[in-house]
Amino acid sequence: MDQFENILLEKMDGNIYCLTINRPKVLNALNQQTLMEMDAALQQVADDSSARVLLVTGSGEKAFVAGADISQMQNLTPLQAKKFGETALAVFRRFETLDVPVIALVNGFALGGGCELALSCDFILASENAKLGQPEVCLGVTPGFGGSQRLPRIVGRAMAMEMLVTGRMVDANEALQRGLVNHVYPQAELLEQGLKLAAKICNNGPVAVKLTKELVQRGQDLDLENACAMESDLFGLSFACDEQSEGMQAFLEKRQANF
Ligand code: HXC
(Lines give C-alpha, C1' and ligand atoms only; values in the text may rest on other atoms or scores of the structure.)
Protein backbone atom coordinates (compact mmCIF):
# COMPACT_ATOMS: atom_id res chain seq x y z
CA MET A 1 0.00 0.00 0.00
CA ASP A 2 2.76 2.44 -0.82
CA GLN A 3 1.29 3.84 -4.00
CA PHE A 4 0.32 7.14 -2.37
CA GLU A 5 2.38 10.36 -2.18
CA ASN A 6 0.32 12.47 0.20
CA ILE A 7 -1.23 9.91 2.50
CA LEU A 8 -0.26 6.68 4.23
CA LEU A 9 -2.62 3.73 4.54
CA GLU A 10 -1.59 1.05 6.97
CA LYS A 11 -3.37 -2.15 8.01
CA MET A 12 -2.60 -2.87 11.63
CA ASP A 13 -3.20 -5.77 13.99
CA GLY A 14 -6.84 -6.70 14.45
CA ASN A 15 -7.79 -5.54 10.93
CA ILE A 16 -7.66 -1.92 12.02
CA TYR A 17 -6.72 0.52 9.26
CA CYS A 18 -4.97 3.83 9.82
CA LEU A 19 -5.11 6.58 7.18
CA THR A 20 -2.59 9.39 7.76
CA ILE A 21 -2.67 12.65 5.82
CA ASN A 22 1.03 13.09 5.15
CA ARG A 23 1.97 16.62 4.02
CA PRO A 24 3.49 17.87 7.28
CA LYS A 25 5.36 20.77 5.60
CA VAL A 26 2.01 22.42 4.85
CA LEU A 27 0.34 21.12 8.02
CA ASN A 28 -1.35 18.36 5.99
CA ALA A 29 -3.40 20.81 3.90
CA LEU A 30 -5.78 19.07 1.51
CA ASN A 31 -5.13 19.60 -2.17
CA GLN A 32 -6.90 17.87 -5.06
CA GLN A 33 -4.37 15.03 -5.25
CA THR A 34 -4.64 14.32 -1.53
CA LEU A 35 -8.42 14.12 -1.81
CA MET A 36 -8.11 11.70 -4.73
CA GLU A 37 -5.68 9.55 -2.78
CA MET A 38 -8.03 9.53 0.21
CA ASP A 39 -10.81 8.40 -2.11
CA ALA A 40 -8.68 5.52 -3.43
CA ALA A 41 -7.67 4.54 0.12
CA LEU A 42 -11.30 4.48 1.22
CA GLN A 43 -12.09 2.21 -1.71
CA GLN A 44 -9.35 -0.18 -0.57
CA VAL A 45 -10.76 -0.27 2.96
CA ALA A 46 -14.31 -0.69 1.64
CA ASP A 47 -13.16 -3.61 -0.54
CA ASP A 48 -11.56 -5.43 2.41
CA SER A 49 -14.30 -7.40 4.14
CA SER A 50 -11.96 -8.09 7.08
CA ALA A 51 -11.66 -4.34 7.91
CA ARG A 52 -13.12 -3.52 11.32
CA VAL A 53 -12.25 0.10 12.15
CA LEU A 54 -10.60 3.02 10.33
CA LEU A 55 -8.50 5.59 12.20
CA VAL A 56 -7.75 8.90 10.48
CA THR A 57 -4.95 11.21 11.58
CA GLY A 58 -2.33 13.70 10.39
CA SER A 59 1.47 13.46 10.15
CA GLY A 60 3.67 15.29 12.61
CA GLU A 61 2.94 16.81 15.99
CA LYS A 62 1.43 20.08 14.92
CA ALA A 63 -1.58 19.43 12.76
CA PHE A 64 -4.32 16.99 11.94
CA VAL A 65 -5.21 18.97 8.81
CA ALA A 66 -4.91 22.80 8.65
CA GLY A 67 -7.57 23.06 5.96
CA ALA A 68 -7.95 22.94 2.24
CA ASP A 69 -4.74 23.96 0.47
CA ILE A 70 -5.00 27.74 0.26
CA SER A 71 -2.25 28.07 -2.35
CA GLN A 72 -4.15 25.70 -4.66
CA MET A 73 -7.49 27.43 -4.02
CA GLN A 74 -6.29 31.00 -4.43
CA ASN A 75 -6.87 31.36 -8.17
CA LEU A 76 -9.89 29.12 -8.65
CA THR A 77 -12.82 30.42 -10.68
CA PRO A 78 -16.26 30.16 -9.03
CA LEU A 79 -17.05 27.01 -11.00
CA GLN A 80 -13.71 25.41 -10.18
CA ALA A 81 -14.22 26.27 -6.50
CA LYS A 82 -17.67 24.66 -6.59
CA LYS A 83 -16.21 21.54 -8.19
CA PHE A 84 -13.38 21.41 -5.61
CA GLY A 85 -15.94 21.60 -2.81
CA GLU A 86 -18.07 18.90 -4.42
CA THR A 87 -15.06 16.61 -4.79
CA ALA A 88 -14.22 16.91 -1.10
CA LEU A 89 -17.86 16.52 -0.05
CA ALA A 90 -18.06 13.25 -1.99
CA VAL A 91 -14.84 11.95 -0.43
CA PHE A 92 -15.94 12.99 3.08
CA ARG A 93 -19.34 11.38 2.55
CA ARG A 94 -17.49 8.10 2.00
CA PHE A 95 -16.22 8.22 5.60
CA GLU A 96 -19.85 8.35 6.74
CA THR A 97 -21.01 5.60 4.42
CA LEU A 98 -18.00 3.32 4.97
CA ASP A 99 -19.46 0.28 6.70
CA VAL A 100 -17.00 0.28 9.63
CA PRO A 101 -16.64 2.95 12.35
CA VAL A 102 -14.23 5.77 11.50
CA ILE A 103 -12.42 7.53 14.37
CA ALA A 104 -10.58 10.82 13.83
CA LEU A 105 -7.43 11.21 15.93
CA VAL A 106 -7.09 15.00 15.93
CA ASN A 107 -3.44 15.53 16.80
CA GLY A 108 -3.18 19.32 16.46
CA PHE A 109 -4.84 21.93 14.23
CA ALA A 110 -8.07 20.81 12.57
CA LEU A 111 -9.12 23.91 10.70
CA GLY A 112 -11.53 24.55 7.84
CA GLY A 113 -11.45 21.44 5.66
CA GLY A 114 -9.54 19.68 8.46
CA CYS A 115 -12.32 20.29 10.98
CA GLU A 116 -14.81 19.26 8.29
CA LEU A 117 -12.88 16.03 7.74
CA ALA A 118 -12.99 15.26 11.47
CA LEU A 119 -16.73 16.04 11.53
CA SER A 120 -17.25 13.45 8.79
CA CYS A 121 -15.75 10.75 10.97
CA ASP A 122 -18.03 8.87 13.37
CA PHE A 123 -16.33 10.42 16.37
CA ILE A 124 -13.20 12.24 17.44
CA LEU A 125 -10.38 11.69 19.94
CA ALA A 126 -8.19 14.75 20.38
CA SER A 127 -4.72 15.45 21.72
CA GLU A 128 -4.31 18.11 24.41
CA ASN A 129 -2.82 20.52 21.86
CA ALA A 130 -5.71 20.12 19.39
CA LYS A 131 -7.43 23.22 18.07
CA LEU A 132 -10.56 22.97 15.97
CA GLY A 133 -12.15 25.76 13.99
CA GLN A 134 -13.81 26.97 10.82
CA PRO A 135 -11.81 30.06 9.83
CA GLU A 136 -13.13 30.25 6.26
CA VAL A 137 -14.82 33.62 6.84
CA CYS A 138 -11.39 35.04 7.77
CA LEU A 139 -10.35 34.16 4.20
CA GLY A 140 -13.51 35.71 2.75
CA VAL A 141 -15.26 32.46 1.87
CA THR A 142 -17.90 30.18 3.35
CA PRO A 143 -17.15 26.63 4.47
CA GLY A 144 -17.13 24.36 1.43
CA PHE A 145 -16.53 20.86 2.75
CA GLY A 146 -19.71 20.47 4.83
CA GLY A 147 -18.88 22.44 7.99
CA SER A 148 -21.91 24.73 7.86
CA GLN A 149 -24.14 21.64 7.90
CA ARG A 150 -22.32 19.06 10.02
CA LEU A 151 -21.09 21.39 12.77
CA PRO A 152 -24.61 22.57 13.83
CA ARG A 153 -25.80 18.96 13.82
CA ILE A 154 -23.04 18.07 16.28
CA VAL A 155 -22.63 21.07 18.60
CA GLY A 156 -26.02 22.77 18.06
CA ARG A 157 -26.85 25.86 16.05
CA ALA A 158 -25.74 28.56 18.47
CA MET A 159 -22.26 27.21 19.13
CA ALA A 160 -21.81 26.34 15.46
CA MET A 161 -22.85 29.84 14.38
CA GLU A 162 -20.40 31.36 16.83
CA MET A 163 -17.55 29.25 15.50
CA LEU A 164 -18.54 29.75 11.86
CA VAL A 165 -18.95 33.52 11.87
CA THR A 166 -16.06 34.39 14.20
CA GLY A 167 -13.58 31.80 12.92
CA ARG A 168 -12.52 31.30 16.55
CA MET A 169 -10.59 28.12 17.25
CA VAL A 170 -11.68 26.02 20.20
CA ASP A 171 -9.11 24.11 22.20
CA ALA A 172 -9.39 20.44 23.12
CA ASN A 173 -11.02 21.03 26.51
CA GLU A 174 -13.68 23.34 25.15
CA ALA A 175 -14.29 20.90 22.29
CA LEU A 176 -14.75 18.16 24.89
CA GLN A 177 -17.23 20.24 26.91
CA ARG A 178 -19.21 20.96 23.76
CA GLY A 179 -19.43 17.34 22.66
CA LEU A 180 -17.33 18.02 19.59
CA VAL A 181 -14.72 15.46 20.66
CA ASN A 182 -15.23 12.33 22.78
CA HIS A 183 -11.96 12.21 24.73
CA VAL A 184 -8.74 14.21 25.13
CA TYR A 185 -5.33 12.59 25.66
CA PRO A 186 -1.70 13.70 25.82
CA GLN A 187 -0.42 13.78 22.26
CA ALA A 188 2.07 10.94 22.81
CA GLU A 189 -0.81 8.64 23.83
CA LEU A 190 -3.31 9.54 21.12
CA LEU A 191 -2.60 6.68 18.69
CA GLU A 192 -2.36 4.13 21.48
CA GLN A 193 -5.71 5.28 22.87
CA GLY A 194 -7.22 5.20 19.38
CA LEU A 195 -6.01 1.62 18.95
CA LYS A 196 -7.37 0.67 22.38
CA LEU A 197 -10.77 2.00 21.49
CA ALA A 198 -10.65 0.30 18.10
CA ALA A 199 -9.74 -2.99 19.82
CA LYS A 200 -12.81 -2.66 22.05
CA ILE A 201 -14.98 -2.26 18.96
CA CYS A 202 -13.29 -5.32 17.44
CA ASN A 203 -14.38 -7.45 20.43
CA ASN A 204 -17.98 -7.01 19.34
CA GLY A 205 -19.95 -8.71 16.61
CA PRO A 206 -18.64 -7.19 13.36
CA VAL A 207 -21.95 -7.34 11.53
CA ALA A 208 -23.78 -5.85 14.54
CA VAL A 209 -21.24 -2.99 14.59
CA LYS A 210 -21.71 -2.34 10.87
CA LEU A 211 -25.50 -2.42 11.11
CA THR A 212 -25.39 -0.08 14.12
CA LYS A 213 -23.29 2.44 12.19
CA GLU A 214 -25.76 2.22 9.32
CA LEU A 215 -28.67 2.85 11.72
CA VAL A 216 -27.06 5.95 13.19
CA GLN A 217 -25.87 7.35 9.87
CA ARG A 218 -29.07 6.74 7.90
CA GLY A 219 -31.39 7.35 10.83
CA GLN A 220 -30.30 10.91 11.52
CA ASP A 221 -31.81 12.11 8.24
CA LEU A 222 -35.13 10.29 8.77
CA ASP A 223 -38.16 11.11 10.89
CA LEU A 224 -38.32 9.15 14.15
CA GLU A 225 -41.05 6.76 13.02
CA ASN A 226 -39.23 5.68 9.87
CA ALA A 227 -35.90 5.64 11.67
CA CYS A 228 -37.27 3.30 14.34
CA ALA A 229 -38.88 1.12 11.66
CA MET A 230 -35.45 0.82 10.04
CA GLU A 231 -34.04 -0.16 13.44
CA SER A 232 -36.61 -2.99 13.73
CA ASP A 233 -35.64 -4.21 10.27
CA LEU A 234 -31.92 -4.28 10.99
CA PHE A 235 -32.47 -5.71 14.48
CA GLY A 236 -34.41 -8.54 12.80
CA LEU A 237 -31.69 -8.91 10.19
CA SER A 238 -29.03 -9.30 12.89
CA PHE A 239 -30.78 -12.52 13.94
CA ALA A 240 -29.92 -13.95 10.53
CA CYS A 241 -26.20 -13.87 11.38
CA ASP A 242 -24.18 -16.53 13.21
CA GLU A 243 -22.85 -13.89 15.55
CA GLN A 244 -26.28 -13.46 17.18
CA SER A 245 -26.41 -17.13 18.19
CA GLU A 246 -22.77 -17.08 19.32
CA GLY A 247 -23.17 -13.80 21.27
CA MET A 248 -26.26 -14.93 23.16
CA GLN A 249 -25.00 -18.49 23.69
CA ALA A 250 -21.71 -17.12 25.09
CA PHE A 251 -23.60 -14.89 27.54
CA LEU A 252 -25.71 -17.79 28.79
CA GLU A 253 -22.62 -20.02 29.10
CA LYS A 254 -20.81 -17.20 30.97
CA ARG A 255 -17.94 -17.08 28.51
CA GLN A 256 -16.43 -14.54 26.11
CA ALA A 257 -18.12 -14.55 22.70
CA ASN A 258 -15.95 -15.71 19.84
CA PHE A 259 -16.96 -13.59 16.86
C1 HXC B 1 -1.79 25.78 2.50
C2 HXC B 1 -0.87 25.93 4.57
C3 HXC B 1 -2.15 25.83 5.18
C4 HXC B 1 -3.28 25.69 4.31
C5 HXC B 1 -0.70 26.01 6.73
N6 HXC B 1 -0.01 26.04 5.57
N7 HXC B 1 -2.00 25.89 6.50
N8 HXC B 1 -0.70 25.91 3.25
N9 HXC B 1 -3.04 25.67 2.97
N10 HXC B 1 -4.53 25.55 4.76
C11 HXC B 1 1.45 26.17 5.40
C12 HXC B 1 1.93 27.58 5.69
O13 HXC B 1 1.75 28.41 4.56
C14 HXC B 1 3.39 27.34 5.99
O15 HXC B 1 4.10 27.17 4.78
C16 HXC B 1 3.37 26.00 6.72
O17 HXC B 1 2.13 25.38 6.37
C18 HXC B 1 3.42 26.14 8.23
O19 HXC B 1 2.37 27.01 8.62
P20 HXC B 1 2.59 28.36 9.48
O21 HXC B 1 1.46 29.26 9.15
O22 HXC B 1 3.98 28.87 9.28
O23 HXC B 1 2.47 27.78 10.96
P24 HXC B 1 1.99 28.56 12.26
O25 HXC B 1 2.51 29.97 12.27
O26 HXC B 1 2.31 27.69 13.41
O27 HXC B 1 0.41 28.67 12.11
C28 HXC B 1 -0.38 27.50 12.09
C29 HXC B 1 -1.81 27.85 11.57
C30 HXC B 1 -1.70 28.60 10.25
C31 HXC B 1 -2.52 28.71 12.64
C32 HXC B 1 -2.57 26.51 11.43
O33 HXC B 1 -0.85 27.84 9.36
C34 HXC B 1 -3.00 28.82 9.58
O35 HXC B 1 -3.78 29.70 9.98
N36 HXC B 1 -3.28 28.08 8.48
C37 HXC B 1 -4.45 28.26 7.67
C38 HXC B 1 -5.65 27.75 8.38
C39 HXC B 1 -6.92 27.97 7.57
O40 HXC B 1 -7.31 29.12 7.29
N41 HXC B 1 -7.57 26.88 7.14
C42 HXC B 1 -8.80 26.93 6.40
C43 HXC B 1 -8.46 26.89 4.95
S44 HXC B 1 -9.90 27.16 3.99
P45 HXC B 1 5.57 27.83 4.58
O46 HXC B 1 5.87 27.53 3.15
O47 HXC B 1 5.41 29.27 4.90
O48 HXC B 1 6.43 27.09 5.56
C49 HXC B 1 -10.69 25.72 3.95
C50 HXC B 1 -11.95 25.77 3.17
C51 HXC B 1 -12.47 24.42 2.80
O52 HXC B 1 -10.28 24.74 4.49
C53 HXC B 1 -13.54 24.54 1.74
C54 HXC B 1 -13.01 24.84 0.38
C55 HXC B 1 -13.99 24.53 -0.73
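Note that ligands are numbered from 1 as they come in the structure, with each ligand's atoms numbered from 1 the same way.
There is a protein heavy atom closer than 4.0 angstrom to atom 16 (C) of ligand 1. Within 4.0 Å of atom 46 (O) of ligand 1, not a single protein heavy atom is present. Taking a distance limit of 4.0 Å, we find that atom 21 (O) of ligand 1 is approached by no protein heavy atom.
Atom CG of Asp223 has more than 12 neighbouring heavy atoms from other residues, nucleotides or ligands inside a 6.0 Å radius.
Under a 4.0 Å heavy-atom criterion, Lys25 is in contact with ligand 1. Heavy atoms of Met73 approach ligand 1 to within less than 4.0 angstrom. Using a non-hydrogen distance threshold of 4.0 Å, Lys131 does not register as a contact of ligand 1.
Each of Asn22, Thr20, Thr34 was compared with Asn6 under the side chain to side chain donor-acceptor pair (under 3.5 Å) criterion, and only Thr34 meets it.
Heavy-atom contacts of Gly112 reach the following atoms of ligand 1: 42 (C), 52 (O) (cutoff under 4.0 Å). Within ligand 1, the atoms closer than 4.0 Å to a non-hydrogen atom of Gly144 are 53 (C), 55 (C), numbered from 1 in the order shown.
Counting only residues at least two apart or on different chains, the side chain to side chain donor-acceptor pair (under 3.5 Å) pairs with a member in residues 169-184 are Arg168-Glu174.
For Ala81, no nitrogen or oxygen atom sits less than 3.5 Å from a nitrogen or oxygen atom of ligand 1, counting backbone and side chain alike.
When the ring pair (Phe, Tyr, Trp, His ring centres under 6.0 Å) test is applied to Phe235, the partners found at least two apart in sequence or on another chain are Phe239.
Here Phe109 and Phe64 keep their ring centres 6.0 angstrom or further from each other.
Counting only non-hydrogen atoms, the option in Leu30, Val26, Leu27, Ile70 that gets closest to atom 1 (C) of ligand 1 is Ile70.
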